[in-house]
Each structure stands twice: as C-alpha cells, then as structure tokens.
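First up is the structure itself, then whatever we jot down about it.
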Amino acid sequence: MEIGSACLRPGFIFMTVLTGGISDKYELVVGLEVHAQLSTLSKAFSPDSAAFGAEPNHHISAISLGHPGTLPFLNKRAVEYAVKMGIACNCSINLNNSFARKNYFYADLPKGYQITQDTQPICIGGSVHVRLADGSAKDIAIHHIHMEEDAGKSMHDNHSEDSLIDLNRAGVPLIEIVTEPDLRSAEEAGQFLTETRKLLRYLDVCDGNMEEGSMRCDANISVRLKGQTTYGNRCEVKNLNSIRNVQRAIEHEFARQIAIIEDGGHIDQNTLNFNADTGETSVLRSKEMANDYRYFPEPDLTPLFLDKHYADNIKQAMPALPNELYKKYINELALSDYDASVITADRDLVLFFEELIHHTDNYKAAVHLLMGPVKSHLNESGKTIGDIGVKAENFARLIKLVDAGKVNNTVASHKLFHALLASPDKTAEELAKELNLLISNDSSDVSRYIHDAIAKYPDKVIEYQKGKKGVLGLFMGEIMKSSKGRIDPQKTNQLLIKELESK
Ligand code: ADP
Ligand code: MG
C-alpha cells in the first residue's frame, strides 16, 4: 500500500507464452489499491498549495520539507472528502480513526516517513456497484479507505547524471481505496476503476486524471485452480497510470503466472513494474527485499474523533450519485440501459440533464441532444457545458419546436443548434424564425418540392413503379435539399408515396 517512488532498478522482463485452453482451468483473483489525490487547495498537514503543475519546488515549506521542530496539522477539507467518498462507497465511517507513521528512506520523502493510517482507517468495509458487458452486475467489496500524504516526485530522465527531486507533491492529501480480492477479470477491474473515478468526480473530491497521476492504481494479482477455496500467492504491480494499463497488466500476469504453475514452478510474492511499451511486467523487489515500515502511531497528531452528526451532515449535503440517477432514469424516465449509462457517465452533463428535464418531458430527445450535438461540440471546442452559455430551458424549447412539428429534427440539431451556440441569448423560436427554419405549413410548397424532385429523376420514378422502393430515399434527399429542411419529413414522405403511386 505504499505510494510509488522506489521504482528504480529495471529487473528482468517476464515473457509469456500460453497455449490456448490451459487458462480455462484457472481463476484470476485481483485486489486493487487506488490512490486518489484529493482536490483540496492546501496540503494534508500544511498550508502549502496542493495545486498541480507549478514550477518544481515552489509549493513547499518547512513542514513539507520535514524540517526538525515543525508540526503537522490536519486539513479539515481532506477529512470531509474522505468521508464523502466513504459514504458514496457504502463504507461505515470510523468515527475514532487515527494516523500512523510509515517509515522508509527515499530521496523524495524528506521526513523519512509518510503519515498514513494503519490500524484505524477513516472508512471501513463498503462496496462499489459495477455493471458488466454481459448485462450482469456485481458489488465489489471494499476492505477500507484510508487517508495519507503523497511523497514528492523523483525524475530520473531530466539530467544526465543526477536524479532531480520535486517536492511540490510531498504532503498532498490522498485517499487509498483498498478492495477485497474480489475481482475476477480485467473487465471487472476496468469497470471498478471507471465507477470509482466517476464517484470521485461526482463528489468533486479528485479530478480522477490518471495521466497526471491524480489517480493511480496498484494491482494485486494471483491465480488459482477453479474450485479452489484458498488464494494463491500474489504479485503486486505498482503505479499503473491508466485503466487500460491496469487491464493489460492483469491479462499479462494471468498468463504469466499460469505458465509458471503449469511448468511446475511457484509464484513468488514479488512487487512488479509494468512496462507500457512492451505490455510486460518485471521484478521491482522480491519479498525478501520488502521494506519493514515499522508502523507506529503518529505522535504529532491526536487521534481523530468525529461526531456522528458530522458524517450525517456530509451525507445530507451530498449530490445524487450516478447509480441512484441510473436507477431513476431507468425506472422513472423509462430511458434505455444504454441512454441511462451514457448520461450518468459524465457529471457535468448529468447535472445539465437534470436541469433540462425540469423543462421538457421528452427525456429521450433530451438525452439525444446532449449525447449528440452537444457532446460533439464540447469535444471539438474543448469547452465544458458550463462554458457554452445556452440555458437548459432554451434547449428544451428547441426540443419542443421539433415535437410540435415546427422544425425538422435534422435542422434542429445542426443549423438551429449552432445558431443557439452563436446567440445564446435568443430563444430557439426567435432564431428559427429569423433564419427561416420553420417548417412550411403551406401544402402547395410541399407539393412543389415533390413535383420538382419527381421531374428531375423520371427514370427513378419508373424504377419505383417496378418495385424498387429504395429510391424513395433519393427523392426525400432531393426534397430535403431543395426545401432546406423546411418540411415535415413524415408528412412529405406520405405525400411523395401517394404521388409516385398515382403516376
Ligand atoms: P499489503 O499490501 O499491505 O500486504 P493486504 O494484504 O491487505 O495489504 O492486501 C492488499 C491488496 O491485495 C488488497 O487489495 C487485497 O484485496 C489484495 N490481495 C490480498 N491477497 C490477494 C491475493 N491472494 N490475490 C490477489 N489479491 C490479493
Ligand atoms: Mg499493497
């Protein structure tokens, strides 16, 4: 459960060759340790800024440098964030928790010890609900969540002879979420991490950015024969920096460990490194070389006694969580499993959706608007939904125009949608009128478009009459183009068929 730092010596690389079928005899067993950097303004035990990305060694003080005589004092916000995540993971909050010292020597740990929680972590038990591709679901049990401080960062590639140390990260608050050895596939591990990251982001306690290291994962991996009740020896792969790499490391280890056992060998309980370029693991340290951390109660911090009301108040102020919203969307709004999953995957979008459904009952159209044109625009522009300035109510008006048959759906999600982005202060109706996007109610207009299209493709009319109904699409396309979308597609389609059949 230590944070990654001492990953220096490249060991030998494990190669894996497994012939198909053998792996079916074995079961994979995985337990994850997820480190999440809490997005507090200051560090866990000092007022230094906890912001990411500053010039090296600019967010430091005598406390984070571990100068003698300094004393830590606990960041209240870090405790609140840990409790929030604990509640979201159905943990019981350990009202009497305490800190411990974990001692080890490393250049990016100036105090010579890390303040962490050992025997009395802040959250105990709990689970995270995951849904799998085959439609099944599983509650992944959490062993505990504890608070700790991060170490600094060592950089070994920036200088020809020396390693460089940046202590900005030293003392940044973390929570570590430790699962039971409950995961049975790389897919389950991926889903667990996706759900955990979603919870962290919903609660706004961690940005969940694995590339920047604000969420990191160690994977404990073992295999056993199917039906066996005891666990096999495990290896721990350190510091995986993407969900994909966690899955790759698990798949690699599953095959590697089986190959060793099949060969009559034995799995040594090693700490491993994962090479993202090769997809292989190598030994970082063996059990014999394991550190003895000499944990003892942190003498400079009193145990943390929390009041039950404190945890209750935090619970009450918490937003609806993705799983609750998912259930509401399925049961109350009758959205499909797919729509409910995609809309709850993104906290900003779901908050906007919650507002949008105050103004429209067409929930399906609301999802499609957000997941279609809105999401593509956000992806292209790099903006967030808060940046675009169009109010949820105005999007609801756009949906109403389509539902009332006043604007055609394609026109609404392209021309009118972009017009709204350009003039967010105007209503959808105003813009539809201004830009002449309203469907023409004049039936003579529609007849004219139909006649023109038919006149343009006389040979296609003959094909239609011979039974090639597919040419309808060509006529509709032509009519759409000449009317600039200002027709009701359904009505026009019916009139077009009538016209073609009367020929
Ligand atoms: P430590 O790393 O301090 O020894 P634990 O023994 O509590 O801590 O285990 C840490 C992680 O390893 C947990 O996520 C746990 O689920 C997982 N784990 C423990 N035993 C196994 C095993 N045999 N196979 C896979 N994962 C395991
Ligand atoms: Mg561990």
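All residue numbers refer to positions in the sequence shown, counting from 1. Fair warning: this is a prediction, and the values are worked out from it, not measured in the lab. Whatever order the structure lists ligands and atoms in, that order sets their numbers, starting from 1.
A salt bridge is defined here as a Lys NZ or Arg NE, NH1 or NH2 lying under 4.0 Å from an Asp or Glu carboxylate O, and Glu27 with Lys226 fails to meet this definition. Under the 4.0 Å criterion applied to side-chain N and carboxylate O atoms, Lys111 and Glu149 are assigned as salt-bridge partners. Salt bridge status for Lys43 with Asp150: absent, with no side-chain N to carboxylate O gap under 4.0 Å.
Taking a cut-off of under 4.0 Å to the non-hydrogen atoms of Glu180, the atoms of ligand 1 that pass are 16 (O). Every atom of ligand 1 with a heavy atom of Tyr231 under 4.0 Å away is listed here by number and element: 23 (N). Below 4.0 Å from some heavy atom of Gly232 lie the following atoms of ligand 1, by number and element: 23 (N). Ligand-side atoms of ligand 1 in range of Val178: 13 (C), 14 (O), range being under 4.0 angstrom from any heavy atom. Of all the atoms in ligand 1, the ones that sit under 4.0 Å from a non-hydrogen atom of Val29 are 24 (N), 25 (C). Contact atoms of ligand 1 toward Pro181: 16 (O), 26 (N), 27 (C) (distance under 4.0 Å to a heavy atom of the residue). Residue Thr179 approaches ligand 1 through these ligand atoms, each under 4.0 Å from one of its heavy atoms: 13 (C), 14 (O), 15 (C), 16 (O).
For the pair Asn233 and ligand 1, the shortest N or O to N or O distance does not fall below 3.5 Å.
Judged purely by distance below 3.5 Å, without hydrogens or angles, the side chains of Asp139 and His129 pair a donor atom with an acceptor atom.
No part of Asp182 comes within 4.0 Å of ligand 1, judged by heavy-atom distances.
Annotation: Phe45 is in aromatic contact with Phe99 [ring centroid separation under 6.0 Å].
Using a 30° and 60° split on the angle between ring planes, Tyr293 and Tyr104 fall in the perpendicular class, above 60°.
Taken to the nearest 0.5 Å, the CD1 atom of Ile122 stands 5.5 Å off from the CG atom of Leu306.
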